[in-house]
Structure formats: C-alpha cells, structure tokens
Amino acid sequence: MEHRHAESDAGDVSSAKAVLLGALAPGVNGPTWITLKSTFLMLGLCLAVMLALAFSSSDSWLMFHVAFLFLICLTLFLLLSWFLSQIGLVSIEHQMREMGLEHKDHLENLKSK
C-alpha cells in the first residue's frame, strides 16, 4: 500500500521539481538526465554551426579551436553517459526520501483529506 502512495507522490512531481531534486539530491533521476542530454544536443548543434561558419571563413585557427571545443563536448558527453550506465539512474522517490521530502508531503496529503 505504501508503495502505491510513493508512486502516486512521484507522479505528482513536476519535471522542474524533478530536475531541481536531481541537482540537489544524490544521484541522477530520469528528468535530469533528459535535460542534460537536451543541453548537450543543443551545445553540439551550436558548435556544429560554428564549425561550419569557421570553414566558410577559411580561418584555420578558428576551425581548430571550434573543433577542439566540439571534441571536448563529445568527450564529456560520452564519459557522462558511461558513468551513468555504470551507476544507474535514481528514482525521484528515492531522492525525495534522501532529502526528507516524501514524509512531509505524505503528511500534507493526509491533512488535506
């Protein structure tokens, strides 16, 4: 019965709150990982456009610097993906329990009923 309450409490958590919990609590939850992947995708897209502009300007130093930034971004993303595959993702419920938020939310739900 408590397991169902924990699932319903986690279902009520907004994506923004889940990302904030992911930033403050130990571990990485699903919404935080999706946000990180989206951020890396946008960064890669911006760097690819910058690299195309550097090629069009025929500036070799600019091409080298942007290619190096792209390589750093790609390496960081691959290392982060590998690290998370090793440790796994944490559920939002677990993060809420770690921070002591689940018990308080459960009591507030009982008081409101």
Aromatic ring pairing His65/Trp61, orientation class (parallel under 30°, perpendicular over 60°, tilted between):
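Taking Trp61 first and then His65, their aromatic rings sit tilted (interplane angle of 30° to 60°).
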
Point-to-point distance, once rounded to the nearest 0.5 Å, from [atom1] of [X] to [atom2] of [Y]:
X     : Y     : atom1 : atom2 : answer
Phe55 : Leu62 : CZ    : CG    : 10.0 Å
Cys73 : Phe68 : SG    : CZ    : 12.5 Å
Thr32 : Leu89 : OG1   : CG    : 9.0 Å
Leu84 : Leu79 : CG    : CG    : 11.0 Å
Leu53 : Asp59 : CG    : CG    : 12.0 Å

[X] vs [Y] side-chain heavy atoms within contact, under 4.5 Å:
X     : Y     : answer
Pro31 : Ile92 : yes
Leu41 : Lys37 : no
Val90 : Trp33 : no

Are Met99 and Met96 co-members of a hydrophobic cluster defined by side-chain heavy atoms under 4.5 Å apart?
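Per the 4.5 Å side-chain linkage, Met96 and Met99 are co-clustered.
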
Let me check something: do Leu45 and Phe40 share a hydrophobic cluster, defined by ILVMFWY side-chain heavy atoms less than 4.5 Å apart, either directly or through other members?
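As far as the 4.5 Å side-chain criterion goes, Phe40 and Leu45 are not connected within one cluster.
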
More than 12 non-hydrogen atoms from neighbouring residues, nucleotides or ligands closer than 6.0 Å to CE on Met63, yes or no?
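Count over threshold, so yes.
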
Asn29 side chain to Gln95 backbone, donor-acceptor under 3.5 Å:
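Judged by distance alone, no pair lies under 3.5 Å.
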
Looking at Leu47 and Val66, what are the two nearest heavy atoms and their distance?
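Where Leu47 meets Val66 most closely, the heavy atoms are O-CG1, 3.6 Å.
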
Taking all non-hydrogen atoms of both residues into account, name the closest pair between Gly44 and Phe70 and its distance.
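The answer is O-CE1, 3.7 Å.
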
Would Leu78 and Trp82 satisfy side chain to side chain contact (heavy atoms under 4.5 Å, CB included), going step by step from the backbone distance to the final call?
CA-CA 6 Å; Leu78 291 175; Trp82 171 80; over 6 Å; no

Could you please spell out the steps behind the side chain to side chain contact (heavy atoms under 4.5 Å, CB included) verdict for Phe77 and Leu43?
CA-CA 11 Å; Phe77 178 73; Leu43 179 60; over 6 Å; no

Test of understanding: with side-chain hydrogen bond (donor to acceptor under 3.5 Å, both in side chains), list the residues that count as partners of Ser81, not counting sequence neighbours.
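Applying side-chain hydrogen bond (donor to acceptor under 3.5 Å, both in side chains) to Ser81 gives none.
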
